[in-house]
Amino acid sequence: SSTAASSNSGSGALIVAGGLGVGGAMNVASDATINGIRVGKGGGNNVQNTALGNNALSANLTGVANTAVGTSALAVNLGNWNTAVGNGALGINSTGYANNAVGNASLFSNTSGTHNSAMGHGALFLNTTGSANVAIGGGALGNITTGTWNTAVGGAAGKLKADGAVLTNAQSSTYTG
């Protein structure tokens, strides 16, 4: 097989056709794009951050100790100690910190909520400022915006009140589904 390398004088990018063999450590000074996927530290270039996916941690300026995996995971982040795995997970988090989101669009709308854990597609999707919530299951606590100290386990658990109305705020409640 043959390999050809060239550089783009406008961007400084190294273009390799046919594959790149690296026998030892490869140091890259900024985020890299590998097969169309961004890999690096995200915006702010903080050594404590990990970004994997297009727009992951892209607007981060000051947040540290964050991990973002998936397109637009933690895209708007300024907070610290957040983990987002899934496309759009913690997507518009601004100053929220110590949050964990696993699943596409989980904790997507969080802006300043802290110490939340969401696992499942759309879990805690509309949460903006609520803190200390745990949602496990697709859509669990998906309509809560400001509630605190809630726990929901099961698909769509805690999404609606007992009378069928949308549940947007709750305090120290437990839901199963």
Side-chain angles (χ1 to χ4, degrees), residues 28-33 37-153 155-161 166-175:
V28 179
S30 62
D31 288 4
T33 300
I37 298 173
R38 183 172 161 210
V39 178
K41 299 178 234 170
N45 202 30
N46 186 292
V47 69
Q48 294 178 332
N49 291 330
T50 302
L52 174 61
N54 296 325
N55 289 325
L57 272 171
S58 59
N60 184 67
L61 298 175
T62 58
V64 298
N66 295 293
T67 301
V69 178
T71 298
S72 297
L74 280 165
V76 184
N77 183 66
L78 297 174
N80 301 324
W81 314 298
N82 294 297
T83 301
V85 178
N87 293 341
L90 278 162
I92 61 172
N93 186 64
S94 53
T95 59
Y97 60 89
N99 294 295
N100 295 295
V102 178
N104 291 337
S106 56
L107 269 167
F108 175 80
S109 303
N110 193 72
T111 56
S112 60
T114 67
H115 299 92
N116 292 297
S117 293
M119 186 170 78
H121 176 82
L124 279 165
F125 179 79
L126 292 178
N127 185 73
T128 55
T129 60
S131 294
N133 294 298
V134 176
I136 300 171
L141 291 175
N143 293 323
I144 287 280
T145 58
T146 59
T148 58
W149 296 105
N150 297 296
T151 302
V153 178
K159 208 167 180 182
L160 301 174
K161 296 179 184 177
V166 173
L167 178 65
T168 59
N169 187 3
Q171 306 299 319
S172 302
S173 298
T174 302
Y175 305 91

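Taken to the nearest 0.5 Å, the CG atom of Leu61 stands 11.5 Å off from the CG atom of Asn46. A distance of 9.5 Å separates CG of Leu124 from CG of Leu90, quoted to the nearest 0.5 Å. For the atom pair OG1 (Thr145) and CG (Leu126), the distance works out to 7.5 Å, reported to the nearest 0.5 Å.
Residues meeting the side chain to side chain donor-acceptor pair (under 3.5 Å) test with Thr67, sequence neighbours left out: none.
Contact between Asn55 and Ser58 at its shortest, heavy atoms only, is O-OG, 3.1 Å. Taking every heavy atom of both residues into account, Ser106 and Val102 meet most closely at OG-N, 3.3 Å. Arg38 and Asn54 make their closest contact through N-OD1, 3.3 Å (heavy atoms, listed as atom of the first residue, atom of the second, distance). The heavy-atom pair separating Ala73 from Ala68 by the smallest distance is O-CB, 3.5 Å. Heavy atoms only, all atoms of each residue included: Asn66 and Leu74 are closest at CB-CD1, 4.2 Å. Looking at every heavy atom in both residues, Asn77 comes nearest to Leu57 through ND2-CD2, 3.9 Å.
A donor-acceptor pair is defined here as one N or O able to donate and one able to accept, closer than 3.5 Å; no such pair exists between the side chain of Asn143 and the backbone of Thr168. In this structure a side-chain-to-backbone donor-acceptor pair under 3.5 Å is missing from Thr146 to Asn169. Although no hydrogens or angles enter the test, the distance criterion places a donor-acceptor pair under 3.5 Å between the side chain of Asn133 and the main chain of Asn150. Asp31 places a side-chain N or O within donor-acceptor distance of the main-chain N or O of Lys41, the cut-off being under 3.5 Å. Side chain of Thr128 to main chain of Thr111: no donor-acceptor pair is present (N/O by atom type, distance under 3.5 Å, no hydrogens or angles).
Residues Ser131 and Thr114 have side chains that bring a donor and an acceptor to within less than 3.5 angstrom of each other.
Judged as a ring pair (Phe, Tyr, Trp, His ring centres under 6.0 Å), the pairs with a partner in residues 102-153 (not counting sequence neighbours) are, in order, Tyr97-His115, Phe108-Phe125.
Each of Asn116, Thr83, Asn127 was compared with Asn99 under the side chain to side chain donor-acceptor pair (under 3.5 Å) criterion, and only Asn116 meets it. Applying side-chain contact (heavy atoms from CB on, under 4.5 Å) to Asn110 and the options Asn93, Thr129, Ile92, Asn82 leaves one that passes, Asn93.
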**OP:** Evaluate the criterion side-chain contact (heavy atoms from CB on, under 4.5 Å) for residue pair Val39 and Leu52; output intermediate values, then yes/no.
**Re:** CA-CA 5 Å; Val39 178; Leu52 174 61; 3.5 Å; yes
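Within the 4.5 Å cutoff, the side chain of Leu167 has heavy atoms near those of the Ile144 side chain.
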